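Read the structure below first, then the notes.
If you're wondering where the values come from, they're calculated on a predicted model, not measured in any experiment. Residue numbers count from 1 along this sequence.
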Amino acid sequence: MITITSVRVQLKPRDNLIGFAEIVIGGGIVLKEIRIIDRANQSMPPLVAMPAQKLGNGTWSQYFHPINKPTRTSIENAVLAEYDKVKCK
């Protein structure tokens, strides 16, 4: 299990992109460029997508991703909780 010590969300709507988040893990590692994406199905929460880069062959590769479901859930919950606070301002 990870400890997320800080979360920041910036709204930058464009197409289906809602904005970006950054988290601090354990007070010592920062992870930026987490995308918050609106889903076509409005009854579902936004998608939290890990940072990725486009490779020379045109495919995308995530350079950071959780390796288990509890870690992914912790990140998603923290990002979406902060997003809910920010969108209401």
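- Annotation for R35 and M50: closest pair NH2-O, 3.2 Å, computed over non-hydrogen atoms.
- Cluster annotation: I37 and V48 are assigned to distinct hydrophobic clusters (Ile/Leu/Val/Met/Phe/Trp/Tyr, side-chain heavy-atom contacts under 4.5 Å, transitive).
- Following chains of ILVMFWY side-chain contacts shorter than 4.5 Å, one can reach L11 starting from I23, so the two form part of one hydrophobic cluster.
- Linking ILVMFWY residues whenever their side-chain heavy atoms come closer than 4.5 Å, directly or via other members, leaves V24 and I36 in distinct clusters.
- Between E22 atom CD and Q10 atom CD the span is 7.0 Å, to the nearest 0.5 Å.
- Going from atom CD1 of I29 over to atom CD1 of I4 covers 11.5 Å, rounded to the nearest 0.5 Å.
- No side-chain heavy atom of I18 sits less than 4.5 Å from a side-chain heavy atom of K87.
- Considering every non-hydrogen atom in both Y83 and P46, the closest pair reads CE2-CG, 3.9 Å.
- Hydrophobic clustering of Ile, Leu, Val, Met, Phe, Trp and Tyr side chains at less than 4.5 Å, counting indirect connections, keeps F20 apart from V86.
- Nearest heavy-atom pair, P66 versus T71, reported as atom, atom and distance to 0.1 Å: CB-CG2, 3.9 Å.
- Taken to the nearest 0.5 Å, the CZ atom of R39 stands 4.0 Å off from the CE atom of M44.
- Here the shortest heavy-atom pairing between L80 and P45 reads CD1-CB, 4.2 Å.
- The shortest heavy-atom contact between V7 and V79 is CG1-CA, 4.1 Å.
- In terms of hydrophobic clustering, with Ile, Leu, Val, Met, Phe, Trp and Tyr side chains grouped at heavy-atom distances under 4.5 Å, V30 and I75 are assigned to different clusters.
- In this structure the side chain of N16 never reaches within 4.5 angstrom of the side chain of L47, judged on heavy atoms.
- Residues that satisfy the side chain to side chain donor-acceptor pair (under 3.5 Å) test with N57, not counting sequence neighbours, are T59.
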